[in-house]
There are 2 protein chains.
Amino acid sequence: MLKAKTKNEFKDYLLAQGLKSTSQRELILEEFLRAGSHLSTEELYLRLRKKQPRIGYATVHRTLKLFSECGIAERRHFGDGQARYEACARDEHHDHLICVDCGKIVEFEDPRIEKLQDEVACSNGFAIERHRLELYGHCQDCRSK
Amino acid sequence: MLKAKTKNEFKDYLLAQGLKSTSQRELILEEFLRAGSHLSTEELYLRLRKKQPRIGYATVHRTLKLFSECGIAERRHFGDGQARYEACARDEHHDHLICVDCGKIVEFEDPRIEKLQDEVACSNGFAIERHRLELYGHCQDCRSK
DNA sequence: GCTCCGTTGAAAATGAATTTCAATTTAATC
DNA sequence: GATTAAATTGAAATTCATTTTCAACGGAGC
Ligand SMILES: [Mn+2]
Ligand SMILES: [Mn+2]
Ligand SMILES: [Zn+2]
Ligand SMILES: [Zn+2]
């Protein structure tokens, strides 16, 4: 099971860093994996409070940061002023289509675009480390309304 | 002259909106056009203070917002936590290469990438309104150091 | 000059992200 | 199981860019 694997990954990371496994961290990872992707800290925090009203925002924030550091999550910004986190399958990459009406986020991957990006970077003397491609527009549903 | 044209454009916009032409607004536009692109509010503000120490940060901020509204400037975010503005030639578009070492920003345009973006969006039922493509890496200069 | 109303700049407010710190919990050691 | 050192927690404070407030000011038409 994928969740179990990720949970072990996290525990291993904590151990390796001399950090501790806590009930909060377990709970946050559990809920992070259960919830859909692209959640903000606030959104995850609110979901968690329903299960554990005493959880602190700072703890959620710090734990998401831990997830990023150990490769479980990736931090994104889609221009609405707050960071969003998504679970990331290792060694995979995708870009995003974002509906400016309803906020829907669709993921895509296009090797042709990636290749052209490398080409452009190369011809400008750059060695690419990462990139960011976001397409903003109106989704099918919103257009047919 | 391009600057003169932009200045007139701005005056026309102000007039059309029932806004006023002021010495501050003229000064800010002058300096914005003189300075290189991709400046943050803070950077422009500091430059302006050397010429007019009484200028207010809020005025610079509001005026940059006006520039955006009337199509003279475009607001960008390159992930360093502050917005940057660049003068935009009307109906032109470009994307960015950003050096993560020295902060250098190189502009590029690739119709092939743009075309593929449309294709991807289309096949996902999206009508694209705008997009954002940023390539982060190490520039030639920084690599040879 | 007079008046209306938009503008200005200092200061305050906002909001997401991050840090502080005393109390608490974990996990290693006895 | 008790002891202890060190990490963690959560509330509150802080940070930092951005945005707003508001009283004084200034531009434009009369
Ligand atoms: Mn995604
Ligand atoms: Mn540019
Ligand atoms: Zn939609
Ligand atoms: Zn460089």
Side-chain angles (χ1 to χ4, degrees), chain A residues 10-32 38-70 73-85, chain B residues 7 10-32 38-70 73-85 103:
Chain A
F10 187 47
K11 283 208 171 172
D12 291 347
Y13 176 78
L14 292 177
L15 199 62
Q17 300 290 312
L19 305 177
K20 290 173 177 172
S21 191
T22 67
S23 65
Q24 288 93 335
R25 285 175 177 168
E26 281 177 37
L27 181 70
I28 293 170
L29 179 54
E30 174 72 37
E31 189 60 26
F32 175 67
H38 311 121
L39 259 69
S40 67
T41 307
E42 179 75 19
E43 285 165 355
L44 185 58
Y45 168 65
L46 290 177
R47 286 184 66 126
L48 284 159
R49 281 236 302 203
K50 290 179 186 163
K51 306 197 166 177
Q52 175 48 264
R54 308 197 38 122
I55 196 100
Y57 183 95
T59 302
V60 178
H61 167 79
R62 286 183 288 229
T63 304
L64 281 170
K65 201 172 162 191
L66 275 182
F67 292 169
S68 300
E69 284 163 15
C70 76
E74 226 166 314
R75 183 181 183 153
R76 309 264 192 191
H77 286 91
F78 295 126
D80 64 344
Q82 57 190 331
R84 296 183 174 279
Y85 295 82
Chain B
K7 287 182 188 175
F10 187 47
K11 285 209 172 171
D12 290 347
Y13 176 78
L14 293 177
L15 199 61
Q17 301 289 311
L19 305 176
K20 289 177 178 170
S21 192
T22 67
S23 65
Q24 287 93 335
R25 285 175 177 167
E26 282 177 36
L27 182 70
I28 293 169
L29 179 54
E30 175 72 38
E31 189 61 25
F32 174 68
H38 310 120
L39 259 69
S40 66
T41 308
E42 179 75 19
E43 285 165 356
L44 185 57
Y45 168 65
L46 290 177
R47 287 184 65 125
L48 283 159
R49 282 234 301 201
K50 289 178 187 165
K51 305 196 167 178
Q52 175 47 265
R54 308 197 38 121
I55 196 97
Y57 183 95
T59 303
V60 178
H61 167 78
R62 287 183 288 230
T63 304
L64 282 170
K65 201 172 162 190
L66 275 181
F67 293 169
S68 298
E69 285 162 16
C70 76
E74 225 166 316
R75 184 179 184 156
R76 308 263 192 191
H77 286 90
F78 294 127
D80 65 343
Q82 55 189 334
R84 295 184 174 279
Y85 295 82

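So that the names make sense, note that chain A is the first sequence line, chain B the second, and so on, each numbered from 1.
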Quick one: does A/K20 reach the base of D/dA6 with a side-chain donor-acceptor pair under 3.5 Å?
yes
Winner on side-chain proximity to B/R75, out of C/dA17, D/dT19, C/dT7, is D/dT19
Note: A/Y13 and A/L66 closest approach over all heavy atoms is CE2-CD2, 4.1 Å
Margin query: Applying a 4.0 Å non-hydrogen cut-off, can you work out what B/S40 is touching in the nucleic acid: base, sugar-phosphate, or nothing?
Written below: nothing
For a quick test of reading the model: is some side-chain N or O of B/R54 closer than 4.0 Å to OP1 or OP2 of C/dG9?
no
Rounded to whole Å, the CD1-P distance (B/I55 to D/dC25) equals 17 Å
In whole angstroms, the gap separating P of D/dT19 from CG of B/L64 amounts to 11 Å
Margin query: Does a side-chain N or O of B/Q24 approach OP1 or OP2 of D/dG26 to a distance below 4.0 Å, or not?
Written below: no
Separation of D/dT8 atom P from A/I28 atom CD1, nearest Å, is 12 Å
Query raised in the report: Hey, would you say the A/F32 and A/Y85 ring centroids sit under 6.0 Å apart?
Result: no
Check: B/R25 side chain, B/K20 main-chain N or O, donor-acceptor pair, under 3.5 Å:
yes
Which of D/dC22, D/dA12, D/dT9 is nearest the side chain of B/R62? It is D/dC22
Assert: residue with more 5' nearest nucleotide on DNA chain D, out of B/T22 and B/H77, is B/H77
Check your understanding: Does C/dG15 have OP1 or OP2 sitting under 4.0 Å from an N or O in the side chain of A/Q82?
Key -> no
Closest to the side chain of B/A58, out of C/dA11, D/dT9, C/dT8, is C/dA11
**Request:** Decide yes or no on salt bridge (Lys or Arg N to Asp or Glu O under 4.0 Å) for B/K7 and B/E26, but give the supporting numbers first.
**Result:** CA-CA 8 Å; B/K7 287 182 188 175; B/E26 282 177 36; over 6 Å; no
Taken to the nearest whole Å, CG/A/D80 to P/C/dG15 is 14 Å
**N/O (side chain, A/T59) to phosphate O (OP1/OP2, D/dT8) under 4.0 Å** = no
All heavy atoms of A/Y45 vs all of A/I55, minimum pair found to be CE1-O, 3.6 Å
When rounded to whole Å, the OH to P distance for the pair B/Y57 and D/dA17 reads 7 Å
Whole-Å distance, B/L14 CG to C/dT7 P, equals 8 Å
Exactly one candidate in A/E43, A/H77, A/E74 meets side-chain hydrogen bond (donor to acceptor under 3.5 Å, both in side chains) with A/R84; the answer is A/E43
Per atom distances to the B/K65 side chain, the nearest of C/dA17, D/dT20, D/dG10 is D/dT20
From CG of A/L15 across to C1' of D/dT8 the rounded distance in Å is 16 Å
Atom CZ of B/R25 and atom P of D/dA28 are separated, to the nearest Å, by 11 Å
For this session: Give one of base, sugar-phosphate or nothing for B/S21, where a contact means two heavy atoms less than 4.0 Å apart.
Result: sugar-phosphate
Exercise. Phosphate oxygens OP1/OP2 of C/dA17: is one of them under 4.0 Å from a side-chain N or O of A/H61?
Worked result: no
